[in-house]
Amino acid sequence: MPEFQILDVDYIIVNERPVIRIFGKDSEGSTVCGFYEDFLPYFYVLGDDAKKLLEHEAQVLKIEQVERKVIGAKNGKPVYKVTLKNPAKTSEIREELRAKGAEPFEADILFKYRFMCDFGLSGLGWVKTSDGNGIATDTVNVDKKFKVSEIKPLKKEEDSQLKLMAVDIECVPLKEGLAPDAKKDPVVLISMGFNGSYKGKKEIVLGTKADKDVTGFENEGEMLGEFIKIVNEYDPDMITGFNINNFDIPYLLERMKQNGIKPIFGRCKQKFVTATKMVSRYKVNIVGRIMVDSYEIVKRDFSLKRYDLGSVAENLLQEKKDNVKHSQIEKLWKGNQEDLRKLIAYARKDAYLAMELVVRLNLLDKYIALAKISGTLLQDTLIGGETSRVENFLLREFNKEGYVFPCKPQAWEIGRREGLVKVELKGGFVLEPERGLHSDVVVMDFRSMYPSIIRSFNICPTTLVRNGDGNTIKTPSGAEFLPKEVKQGIIPRILEELMKRRQAVKKKLKQTEDVYKRKSLDAEQWALKIMANAFYGHLGYPRAKIYDLEIANAITSCGRDIIQKTKGMIEKEFGYRVVYGDTDSVLVKLPMEDLNEIKQKAGEIANYITKQLPVGLELDFEKIFKRFLPLTKKRYVAWKFEETAAGWAEGIEMKGVETIRRDWCQLVSEAMGNVIEILLKKSDVKESVKYFKGVIEDLLKGNVPLQKLVITKTMTKPPRNYAGMQPHIELVKKIQLRNPAEAPGIGDRIEYVIVKGTGLLSKRAEDPVYVMDNGLQIDSQYYIENQLMPPLERIFAVLGISKSELLGNGKQMGLMDILNNHHELVMARDLNLEEVTGFVCEKCSRIYSRPPLTGSCECGGPLLFSSPQGVSKSVLAETPM
DNA sequence: TGCGAGCGGGG
DNA sequence: GTGTACGCTCGCA
């Protein structure tokens with residue numbers, strides 16, 4: 001009885017009948033392909049005259065009335081199951097039916113997924129098949145091929161060892177400085193890396209020139225032929241590379257076409273490898289192999305400033321990419337032996353890095369877990385978003401309970417929904433943050449709030465009641481659902497199972513020591529959480545098959561209700577202030593400083609609240625903000641303390657605040673980070689202003705290293721094609737005149753600084769090296785006004801410090817002036833004037849650098865002096881207000 | 001502040 | 001291939 005893990009599924013037509021092929025790998029490392037012959041495409045259609053409509057269709061093998069439920073039960077209209085001969089004809093028949101007013105269901109499910117769904121199979125899931133006879137077909141390139149008449153999923157945890165190969169190409173444009181054109185410009189190098197070894201080698205570079213580290217070929221065609229041969233002989237389960245989906249593979253395929261070579265390097269010897277252009281990307285299909293584009297995964301899983309291979313390797317692998325600019329490649333290729341070797345080393349390293357990313361960062365763990373849980377093939381979890389996973393999963397669950405699943409909405413319907421969602425979908429409740437720099441704030445949140453709400457209120461399209469008889473669960477939005485006792489919804493049931501499974505996996509994780517097992521268990525619990533959290537979003541997503549705004553709104557209305565009730569209870573029952581909250585969290589200011597005391601108090605509050613709310617909703621202690629500075633709704637900075645196994649861990653948390661933007665120079669990120677740190681950790685507004693003024697002074701005096709002032713932008717098209725004036729493009733034009741040989745090409749990143757002068761800003765962009773060599777002056781005013789000020793002004797503004805104060809050119813009031821103007825403020829005897837950094841309201845903690853004319857806070861509360869040591873207690877005690 | 005265009009990665 | 005699949009950032013109004 002063959003047992004193997006599924007890598008890919010497709011079908012072929014044999015004697016006018018479809019045959020499903022299941023490609024996989026067994027535990028001995030053999031590649032297998034099972035052929036399943038008795039599966040036919042089918043779908044459902046709703047309507048009285050559906051049968052009549054299809055009678056004349058030659059494609060239709062069978063049409064039978066079936067007992068199936070339809071969401072929102074449309075008064076017992078009959079449901080027909082329609083079985084066809086050829087999967088490829090389904091869409092035709094579907095559209096025909098639609099045109100005649102019938103409603104098709106499950107008529108847009110890929111044939112392979114129809115099969116996988118009906119047999120409960122998953123990408124990378126294990127299966128056990130009947131003992132099939134081997135078949136003497138020469139169409140597939142696998143170790144074992146056999147007929148399958150029975151197939152079922154198998155519980156097995158460990159994964160087979162998968163073979164991985166990395167690919168990177170270099171090509172040389174015929175037209176200098178322009179992006180390569182796959183129709184004309186040949187590939188000159190193909191670099192490959194193997195996680196195993198091929199003919200004893202870990203890496204191979206092919207080229208149309210020979211040298212010591214490259215296998216040379218007479219022409220491009222021969223080299224491409226060798227590439228195909230190597231892929232088929234090494235026979236990888238997965239092919240990786242950096243941006244291969246959108247560059248290397250489509251490029252190679254086009255070159256093969258130009259050279260009259262058949263692109264056959266999948267596990268089917270008849271099907272071409274294809275790259276289909278979608279809206280703005282290619283989708284590569286290689287039968288039996290999985291495309292793993294490390295660029296696409298890294299971009300999704302890591303938050304970085306830039307995603308070019310150089311930055312990615314440096315940040316995530318602590319490795320340097322060879323420094324070769326795109327515009328240099330042609331020169332190196334056409335240059336001397338040393339140049340050529342440099343280019344070869346560069347190509348070699350790129351393939352190596354792409355593979356290292358996958359292996360060292362375990363990029364696949366999460367996606368393997370998602371594939372197994374959702375049922376999608378691994379290649380589809382790597383490309384598509386949440387939609388395909390959720391719908392694949394839901395299809396199975398709806399079918400299990402006798403429901404037919406809707407088709408995806410048509411274009412006009414999507415358009416209609418997109419308009420509606422914008423206007424009618426209400427999100428979470430965001431509390432107005434209390435202004436000021438707060439201390440000792442505890443963050444509490446509802447774990448998995450939306451999944452818990454769905455379970456608690458039994459929210460599901462299958463339990464929605466449109467004209468209830470009273471025995472329903474009412475949500476604050478007005479939508480009503482059947483109680484669980486009457487009928488448990490499918491989505492609530494799924495969530496219950498997913499959440500229980502996650503608890504079990506987490507428990508197992510705690511008892512497991514083996515590093516590899518831990519990694520896969522951790523990925524599994526993560527994937528279970530991701531899946532559970534995906535259902536809410538899906539209901540409000542215009543392209544979803546089970547989109548329902550009424551239900552999405554019911555969920556968020558419960559959330560808003562719960563968070564407001566929570567805030568009310570904390571304020572009323574405990575007398576503490578909720579200074580902020582967003583969707584599923586509340587931030588509470590507590591009157592104690594000790595971290596453990598705060599945590600304990602938070603636990604008490606959380607327990608109390610949890611008892612008052614619907615079952616299943618649980619408020620939890622999350623972390624402590626020793627200092628919390630809200631800027632606006634959804635944007636704040638905080639000094640956080642989180643509890644870890646090793647004790648309290650501190651750090652700075654920023655939400656919605658951009659500290660790194662690619663069009664800012666290093667000085668900005670640095671200044672911003674420092675200002676925030678001084679504010680949060682020292683709670684010292686005056687010092688942060690002083691620091692900021694120091695930065696400006698350094699800038700004016702020319703004391704800032706040039707490197708910190710460099711701004712980088714990419715030139716994406718030829719300079720003449722830019723409509724407006726842009727600094728980096730104007731600089732390129734200048735360099736083209738000055739030194740054409742050094743001029744950057746398309747795709748190059750241009751570094752520039754802005755120098756002093758009279759002309760337009762964009763005309764004053766200069767090459768940093770040129771500035772250095774010629775001793776040009778930096779335009780400090782530009783850096784102050786356009787770089788430093790915009791982000792920092794917003795932070796200082798919430799502390800009551802204006803731009804003119806920061807720049808020191810407005811009228812600045814000294815402390816003595818303030819005291820003279822405000823006789824009601826009395827200085828404590830033992831408080832040194834020099835130490836006073838500002839004023840703080842005793843009641844609401846709002847901070848002022850100088851007090852309002854009334855002498856008291858806007859909220860009416862009395863003002864206290866503040867100093868680096870915090871608010872002076874002696875002032876508090878001795879100031880007669 | 002909201003909207004539409006256009007770019008990203010690769011060479 | 002029962003295909004039609006982004007998502008953010010910037011500039012402009």
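We use all heavy atoms of the structure for the numbers below, so side chains are in, but hydrogens, waters and symmetry mates are not. What you see is a predicted model, and the numbers here were worked out from it, not measured in a lab.
Among the heavy atoms of the strands lying under 4.0 Å from Ile329(A) are primed sugar atoms or P, OP1, OP2 only; no base atom is included. At a threshold of 4.0 angstrom between heavy atoms, the contacts of Ile169(A) are confined to the sugar-phosphate backbone, with no base atom among them. Counting non-hydrogen atoms under 4.0 angstrom, Asp181(A) reaches nothing in the nucleic acid. Using a 4.0 Å heavy-atom criterion, one finds that Ser280(A) contacts the bases of the nucleic acid, with or without backbone contacts as well. Residue contacts for Thr276(A): at a heavy-atom cut-off of 4.0 Å it reaches a base atom on one of the strands shown. At the heavy-atom level, Asp185(A) lies nowhere under 4.0 Å from the strands shown. If you check every strand for non-hydrogen atoms under 4.0 Å, Tyr307(A) touches sugar and phosphate atoms only. Residue contacts for Asp168(A): at a heavy-atom cut-off of 4.0 Å it reaches the sugar-phosphate backbone alone, with no base atom in range. Among the heavy atoms of the strands, none lies under 4.0 Å from Ile93(A). Using a 4.0 Å heavy-atom cutoff across all strands shown, Lys325(A) reaches no nucleic acid atom at all. Lys89(A) comes within 4.0 angstrom of no nucleic acid atom, judged by non-hydrogen atoms across all strands.
Residues that satisfy the ring pair (Phe, Tyr, Trp, His ring centres under 6.0 Å) test with Phe43(A), not counting sequence neighbours, are absent from this structure. With sequence neighbours excluded, the residues that form a side-chain hydrogen bond (donor to acceptor under 3.5 Å, both in side chains) with Thr139(A) are Thr137(A).
When all heavy atoms of Thr240(A) and Ala354(A) are compared, the pair lying nearest together is OG1-O, 4.1 Å. When all heavy atoms are compared, the tightest approach of Lys320(A) to Lys349(A) is O-NZ, 2.8 Å. Taking every heavy atom of both residues into account, Asn243(A) and Asp293(A) meet most closely at N-OD1, 2.8 Å.
The footprint of chain A on DNA chain C, defined by a heavy-atom cutoff below 4.0 Å, extends from dG1(C) to dG11(C).
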Residues Asp118(A), Phe39(A); criterion side-chain contact (heavy atoms from CB on, under 4.5 Å); working and verdict: CA-CA 10 Å; Asp118(A) 289 7; Phe39(A) 191 70; 3.6 Å; yes
Check against side-chain contact (heavy atoms from CB on, under 4.5 Å), Ile711(A) and Gln787(A): CA-CA 10 Å; Ile711(A) 303 160; Gln787(A) 291 268 324; 3.6 Å; yes
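Here the C1' atom of nucleotide dG8(B) and the CZ atom of Arg306(A) are 9 Å apart, to the nearest Å.
Nearest-nucleotide mapping onto DNA chain B: of Arg281(A) and Lys321(A), the residue sitting toward the 5' end is Arg281(A). Each of Lys299(A) and Tyr346(A) lies near DNA chain B, and the nucleotide nearest Lys299(A) is the one positioned closer to the 5' end.
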